[in-house]
Structure formats: C-alpha cells, structure tokens
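Provided herewith is a single structure, encoded as structure tokens, for subsequent inquiry.
Quick note: numbers below take in every heavy atom, side chains included, and nothing from hydrogens, waters or symmetry partners. Because the structure is a prediction, the values reported are computed rather than measured. The residues of the chain are indexed from 1 along the displayed sequence.
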Amino acid sequence: MRYDLVIFDNDGVLVDSEPLSNRHLAAYLTELGHPTTYEDSIRDYMGSAMHRVHDLIEERTGQRLPADFDDVFHARVFTAFERELKPVPGVADMLEKLTADGVPYCVASSGSHERIRVGHRAAGLDRFFDDSRIFSSQDVGRGKPAPDLFLHAAERMGTAPDRCVVVEDSPLGVQAAVAAGMDVYGFTAMTPAEKLTGVTGLFRDMRELLPLLTGGDSAEN
C-alpha cells in the first residue's frame, strides 16, 4: 500500500444514497416554497453538511428554514434508506480485501452519525465500521470544504495527513482533502470528472480503486 490510512466519504462512495437523499431534499425545499430541482440539489448540496442548506437558502432568499427542517428531512430520508438503500457496487468486496490485508480505513462524512449508521445498516456495511472508524462533521466545527473533518479523522486514527488517502465523489470533499494535505481519488460514477479538480487520480468503478492505492494509474487520467 502507498498509504497508511484510507479515508472514505460515505454518501455516494460507500452507500448509493445521493440519488435518494437529493431527490427528497429537492422535494422538501420545493414544498417549503424554495423551488429546487434534483439537479439543483446535486449541484449545490452534494457532499456538504446540513448547515450549508440552511446557509444558502437564507443567503438567497433572506428566509430561514423551519427549526425542525433537519429532523423532518432525515426522517424522510431514513425511511427511504430502509426501503431502498444499496451499497455502491463493488464496495463490500473492496472493504473485505482491505480488512483481510490489514489496511487501516475509516469513514469521514458530512452526514450525522445517525445518518451514517442508518445507511450502513440498511446497506449491510455496518460489519465493516465500528464506532472507532466513523467520523462525522458533527465532530468538528466546520464541515467540508474545510479540512477539519479529514484532519480530525487522521488524528484519531493516529496517522499523519501526508500518509492518508481520501476517496471522494464531491467537489466539496475533494477541496477538503486537498486542503488537509492528503492525496484524494475522485469517484466518477455520479460526478463528472471535470468537476473533481485537484484530485490525485480518478476512477469509475470500485474495482479500479485498489490498484490505485497500491501504485497503479487512474483509468481517467
């Protein structure tokens, strides 16, 4: 391995939650009088913590979202997760391989601890992630694109930032990893490659990731 720690984003990288989450977010914002398409939600909010939704709506409209917005949204999304959420294709095999090879890994997500755990249980990935491997934007003062979350995860896992690699699928997450001084591989299954600027490499399929981490070249670079 080229790295001492692999840090995974969660939504869109481990669990295929971005379509579900952004569909419900767009619908709820529209319901509240802030017309938002699925494409708008992907563009503006994918990979970010919930405070960004509040901040952008207030900045654009001068209105605040309801105090219970997060609770209502998460209740809707968690219900959808229980019914529909799947792991990203190939991710279970990849995590099995990392575990078998003794490669340290963790997840660092803009989502809440509850969201991460609900998603992992629904997708059957909870066996790979105990509490010591789960880090959320709730743990730090600033979420992505600030580097705080990735630096926090590295510190807690006992690894220097320059020995870490991040696996991300959002521009905000890539910015955070670069700011943290970490290599970052961009997953392009859902995000166009041109939006993931500054990455160390790009890949489209989870089966392509391990060769990158062991010194291979990106299929897209």
Between OG1 of T197 and CD of Q175, what distance do you get to the nearest 0.5 Å? 7.0 Å
Ignoring hydrogens, what is the shortest heavy-atom contact between S21 and R115? Give both atom names and the distance.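 Heavy atoms of S21 and R115 come nearest at OG-NH2, 3.1 Å.
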Does any non-hydrogen side-chain atom of V15 lie less than 4.5 Å from one of N10?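 They are in contact (side-chain heavy atoms under 4.5 Å apart), so the answer is yes.
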Between the side chain of S109 and the main-chain N/O of S136, is any donor-acceptor distance below 3.5 Å?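 Flag not set: sc S109 to bb S136 has no pair under 3.5 Å.
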If you take all heavy atoms of G12 and V88, which pair is closest and at what distance?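 Answer, listing the atom of G12 first, then V88: O-CG2, 3.7 Å.
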What about M46 and L29, same hydrophobic cluster or not, with Ile/Leu/Val/Met/Phe/Trp/Tyr joined at side-chain heavy-atom distances under 4.5 Å? no
CG of D70 to CE of M50: how many Å apart, nearest 0.5 Å? 4.0 Å
I would like to know whether F203 and V167 meet side-chain contact (heavy atoms from CB on, under 4.5 Å); could you show each step before the answer? CA-CA 10 Å; F203 67 105; V167 183; 3.7 Å; yes
Are the side chains of L56 and E59 in contact, using a 4.5 Å heavy-atom criterion?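 Yes. Closest side-chain heavy atoms under 4.5 Å.
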Which distance, rounded to the nearest 0.5 Å, do you find between the CG of L210 and the NZ of K97? 7.5 Å
What class does the angle between the rings of Y28 and F69 fall in, given that below 30° is parallel, 30 to 60° is tilted and above 60° is perpendicular? parallel
Give me each pair satisfying side chain to side chain donor-acceptor pair (under 3.5 Å) with a member in residues 41-50, each pair once, sequence neighbours excluded. N22-S41, D40-R43, D44-R60
4.5 Å side-chain heavy-atom contact, V53 and F73: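 The answer is no, as the side chains (C-beta and beyond) never meet within the 4.5 Å cut-off.
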Separation between CG of D55 and CZ of R64, rounded to the nearest 0.5 Å: 9.5 Å
Could you give me the CA-CA distance, side-chain angles and deciding distance for M182 and I7, then say whether side-chain contact (heavy atoms from CB on, under 4.5 Å) is met? CA-CA 10 Å; M182 300 176 181; I7 304 176; 4.0 Å; yes
Between R142 and D148, is there a side-chain N and carboxylate O pair less than 4.0 Å apart?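 Yes.
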Quick check for you: to the nearest 0.5 Å, what is the distance between F135 atom CZ and L151 atom CG?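 Going from CZ on F135 over to CG on L151, the span is 12.5 Å.
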Work out which heavy atom in K144 is nearest to a heavy atom in L172; give both atom names and the distance. CB-O, 3.9 Å
So do T36 and L25 actually touch side chain to side chain, heavy atoms under 4.5 Å? no
Taking the side chain from D93 and the backbone from G90, do they hold a donor-acceptor pair closer than 3.5 Å? no
Can you get from M190 to F8 by hopping between Ile, Leu, Val, Met, Phe, Trp and Tyr side chains that sit under 4.5 Å apart? no
Donor-acceptor contact below 3.5 Å, side chain D130 vs main chain S132: yes
Between CE of M157 and CZ of R133, what distance do you get to the nearest 0.5 Å? 5.5 Å
Grab the two heavy atoms, one from S110 and one from S137, that are nearest each other, plus how far apart they are.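 Residues S110 and S137, closest heavy atoms: O-OG, 2.7 Å.
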Is any side-chain heavy atom of L20 closer than 4.5 Å to one of E84? yes
For residues 149-163, which residue pairs pass the side chain to side chain donor-acceptor pair (under 3.5 Å) check, not counting sequence neighbours?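 Those involving residues 149-163 are D4-R163.
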For E168 and V184, which heavy atoms make the closest approach, and how far apart are they?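 That would be CB-CG2, 4.1 Å.
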R23 side chain vs Y38 backbone, donor-acceptor pair below 3.5 Å: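 No; zero donor-acceptor contacts below 3.5 Å.
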Can you find a heavy atom in the side chain of V6 that is under 4.5 Å from one in the side chain of M1? yes
Just by distance, no angles: are the side chains of H113 and D131 close enough, under 3.5 Å, to form a donor-acceptor pair?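 The answer is no; no qualifying pair exists.
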Quick check on the hydrophobic clustering: are I42 and V13 connected, directly or via other members, by side-chain heavy-atom contacts under 4.5 Å?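 No; tracing contacts between hydrophobic side chains, which count when under 4.5 Å, never links both residues.
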Between L95 and F129, is any pair of side-chain heavy atoms under 4.5 Å apart? yes
Electrostatic pair R127:E96 at N-O distance under 4.0 angstrom: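 A salt bridge links R127 with E96.
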Ignoring hydrogens and geometry, is there a side-chain-to-backbone donor-acceptor pair from Y185 to L213 under 3.5 Å?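 Side chain of Y185 to backbone of L213: no pair is present.
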What I'd like to find out is whether the side chain of F81 reaches to under 4.5 Å of the side chain of R121, using heavy atoms alone.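 In short, these two side chains do not touch, never coming nearer than 4.5 Å.
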What I want to check is whether the side chains of D169 and T191 have a donor and an acceptor closer together than 3.5 Å. no
What is the minimum heavy-atom distance between P66 and L32, and which atoms define it? CD-CD1, 3.9 Å
